[in-house]
Structures are given as structure tokens and as C-alpha cells.
Student: 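Right, I'll just put the structure down here and ask away after.
Residue numbering restarts at 1 for every chain, and letters A, B, ... go by the order of the sequence lines.
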Amino acid sequence: MTAFAVPSNLAVSENGFLFVPTSGETFTLNKLGISIFKLMQKGADTEEIIDALLEEYDIDKTTLEKDFTDFVNQLKHHNLIEEK
Amino acid sequence: MKVAVTGLNNIDSPGPGVPVIRGLKDSGKFDGTIIGLVYDSLEPGMYMDNVSDRNYLIPYPSSGLEELYSRIEYVNEKEGIDVLIPTLDSELYSFTKLAPRLAEIGIKTFLPTTENLNMRAKDKLFDFCQAHDIKAPKNILASSVQDLYKISSEFNYPVAVKGIFYDAYICNNFDEAKTAFHKISHKWGLPIIIQEFIKGEEYNICALGDGTGETIGAVAMKKLYITDNGKGWAGISLKDDPLMKLSDKIISALKWKSGTELEFVKEKSSNQYYLLEINPRFPAWVYLSVAAGQNLPYALLELAQGKKVEKFENYEVGKIFIRYSWDLITDVSKFEEIAVKGELVNKPE
């Protein structure tokens, strides 16, 4: 299963605010985004993240997997993560 | 200690004078007098509280060196200026040429040489970059509208059309380039620089070189809010090591002596930095460097006095500046003082 490398200088606040110190870019993550990003920072892989979110949120697995893939693509597009 | 500063034009495209003075005062070590040197009776900085103590109108650079020197000599006789900090692009050639004569009458400066100014001029920048293996957009120097026909054979639209000192327009076709050419040449003269447009995010660095090739300090910033005429109205400090190394390399190659603003664009497709401009003075956002932990204006003042200045090693990222406009109310008598006598005293000696 895919794991993710998050640059060590990136941190997300409790409000979901993310500041990239090397580019000055800022992003706002929603509640689900915060949960995913924090799990990625802890080194969780795709399966562990999906399992954790299914426990935390009332959502079916198919919808969650689709949303997760979309979110990962956005993070990669903005160079916020790399797939290990 | 009396320090004369120009660029008190805190208008929609602000001069760096007020933030430079703010930096000096914020150092906690400056206990001197600020002499404002202004080109216009309505430069806001001289009407602001706690900025300049006394102000003098000086002639525009186009009036010639002798007229400028004679006015500075007069101000010096009245005030006894220790250090003069010019902050505007258009006056730097004059002050650089006058620097030895100013030194003779006791006025210290910390300025680049004329040769240095020429090396980084907009019409020479591409050659400088090629000589030092620095990426820069290609350019064409246009002295007439005929030269604009070269654009389509050299590179694609859009292009940036720039004046030799000020003004820049992004043009998407020949007609727009022609309009920009006329607008800029009418105001700032020739040549006009036509620069290849590199798609990406812009990053700026405010830095201070000591003249031996060393960077005393450098702070990077990304504009967060840009006005209709392209001026940064808010920005955030950031730090990207490749960008900072590139800045050091440029200052070292030029042996830059003074404040500077380096403008880059990070090309979206390659993630490479391209150097767009080297401005020969501090930017109007220089106070962000002070807020981030590098008081570059005060360091320049110390260097001008021949003091040894330690290199700044770090600064805080995530500091934001946001400009605002404010209707300052003053009395006509103040305007009268500067308009009629050419002098405005905020704080008598």
C-alpha cells in the first residue's frame, strides 16, 4: 500500500491552515483534509488512512476512496506530498 | 548623527524612504536626526508623524548634477549631513557620480559604482546573467516601433514591455505592445525592454551587499496581493535555499555595494528560478526585512560609517506586510513652507 512523504517543514494548524515556508503559498484544508494530512505526517499508508477515516466518519468506503484519491492528487499537484 | 534620506513619496507606488527611516528608528540604536530630501511638495513622508525631522526640496535628476550638488551642499551647510541614503532608481546615477564630491564635504554614502549600476541595468541584465550562468528571460531592446516586429520571431506572446527605470506592462499581441511602447517611452524615454514572459510565481529578495561580494543579509518575499498597476500591496516572508543561494551568487558576481531588490520568477514547468530584475536600491517593502529579523537599513547605515557589520544568518518566515492608505490631514501652512521656501521643519534643531 502507498505511503506518503510530507516535507518536514510543513505543518497544518488546528484550523486547517497550511503554510509552505519555501514558497509562501497558503492552503486551507477542511476537517477531512486535516485528518488525512495528519495521518500522512504520521507515516500511515493508504489502507491505514482509509480504515481510520471509516471509523471516524459516517461515510461509505467507495465515496471515501474517491474523495481520498482526489485529495491526494491535489496535494501532489501542489508539491505538498510525494508518494513513497 | 544626521541622516538624509530620499524617496518619501509614500504614494500608490511607494518610494522606500519611509520604510528605510522606520528601520533606522526601530533599531533602538539610532538617536539622530532624519533629513528628508524630497522632489515634490506633496511627498507624504514629510507630513507623517515621527518620520523626518526637517525636509528640503531637491531638484529632479534631469536638472543636472551641478544643480543637485549645489542644493545638497546648501542643505549640508545648514544641517551637517553625516550619511546620505538615496533610495530611488532614477537618482542613483547622479548620486553615484557625486559620491566622491559628497565625501569631500563630509557626507558618507554606501553606493554601487557606476559600472555596477550599468552591469545590472535592464538593458544589460541578460548579458550579465549569461556571463554568470544565471537563468534570465530573453529580451529585445526597442528604440523604435519597428523593433517590435522582432518580437514574433524571437519569442511568443505574451511579453513584458518595460521602461529603462520604471513601468512594465504584460502585452498579449503586437497592438498592446505598441501601446505600451508609446506609453512608457513618452514617460521614461528609450530604450524599451521587451522581455520574454516566463509563466510562474514571482519571488523577490531584499538584500544588502557589502561591496566585496558578501551578502550581509537577504530576505525573500512573495507578493500576496498585487494592485492593478502591479505593485505588491501585501507579501509574506519565505525561505527557499536554492533561491537564497542564487541571491548570494548574484551579489557576489556584482560585488554589490548597497541595498538591492532581486526579482525572480519560478518557472512553473521546470521549477527553475529566472532573474527578472536587479533593482539598485532597497524595495518599498524593506521594512518586512526588519520585521523578519534583519534590519538591513540600519546595517547599511553602519556600513556607510565604515563600521564592521556582522552577517545576518537567519530570519523569520511567515511574516506578512499589508499596506494601507490613510488620509493624513495637515494644514496649508506646512504645504506653504515646503512649496514657497523649499524647506519644512517638523522638529527644530
Side-chain angles (χ1 to χ4, degrees), chain A residues 1-46 49 52-53 56 65-84, chain B residues 198-207 218-226 232-248 261-274 276 283 285 288-289 291-294 313-323:
Chain A
M1 272 290 165
T2 311
F4 306 92
V6 180
S8 58
N9 57 4
L10 282 190
V12 61
S13 76
E14 288 305 312
N15 297 322
F17 188 78
L18 200 155
F19 169 58
V20 187
T22 52
S23 69
E25 291 170 297
T26 56
F27 301 89
T28 309
L29 307 184
N30 64 15
K31 202 176 163 202
L32 183 60
I34 299 169
S35 300
I36 296 173
F37 198 80
K38 286 191 169 172
L39 287 164
M40 285 174 169
Q41 282 182 310
K42 285 178 188 164
D45 64 22
T46 304
I49 293 171
L53 295 175
E56 193 179 343
E65 281 177 342
K66 185 184 169 301
D67 287 352
F68 177 75
T69 305
D70 286 348
F71 183 61
V72 166
N73 286 336
Q74 283 200 48
L75 293 176
K76 285 198 296 196
H77 174 74
H78 292 292
N79 297 317
L80 298 174
I81 57 164
E82 278 178 21
E83 284 183 2
K84 278 187 191 167
Chain B
I198 307 286
K199 200 174 175 190
E201 296 272 6
E202 238 186 82
Y203 294 91
N204 295 350
I205 286 187
C206 173
V219 172
M221 179 277 289
K222 183 188 174 193
K223 292 174 188 173
L224 295 177
Y225 185 101
I226 298 172
W233 210 249
I236 189 163
S237 64
L238 59 101
K239 197 174 199 184
D240 190 23
D241 288 339
L243 180 63
M244 305 318 287
K245 278 184 190 156
L246 188 52
S247 163
D248 287 350
E261 179 188 30
L262 310 175
E263 297 184 10
F264 299 90
V265 63
K266 189 176 189 181
E267 192 184 35
K268 203 170 180 177
S269 55
S270 66
N271 267 342
Q272 296 279 318
Y273 287 104
Y274 282 70
L276 296 180
W285 57 272
L288 183 71
S289 77
Q294 296 194 3
E313 296 295 344
N314 215 340
Y315 62 89
E316 205 176 327
V317 297
K319 282 282 176 195
I320 291 180
F321 79 86
I322 305 169
R323 289 200 179 124

Student: Would you mind telling me which of B:Val317, B:Leu238, B:Ile236 has the largest number of heavy-atom pairs within less than 4.5 Å of chain A?
Tutor: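 Highest number of pairs under 4.5 Å: B:Leu238.
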Student: Between chain B and chain A, which N or O donor and acceptor atoms come closer than 3.5 Å?
Tutor:
| from | atom 1 | to | atom 2 | distance (Å) |
| --- | --- | --- | --- | --- |
| B:Tyr203 | OH | A:Ser23 | O | 3.2 |
| B:Lys239 | N | A:Pro21 | O | 2.7 |

Student: Relative to chain A, which segment of B:Leu243 carries a heavy atom at a distance below 4.5 Å: side chain, backbone, both, or neither?
Tutor: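 No part of it gets close to chain A.
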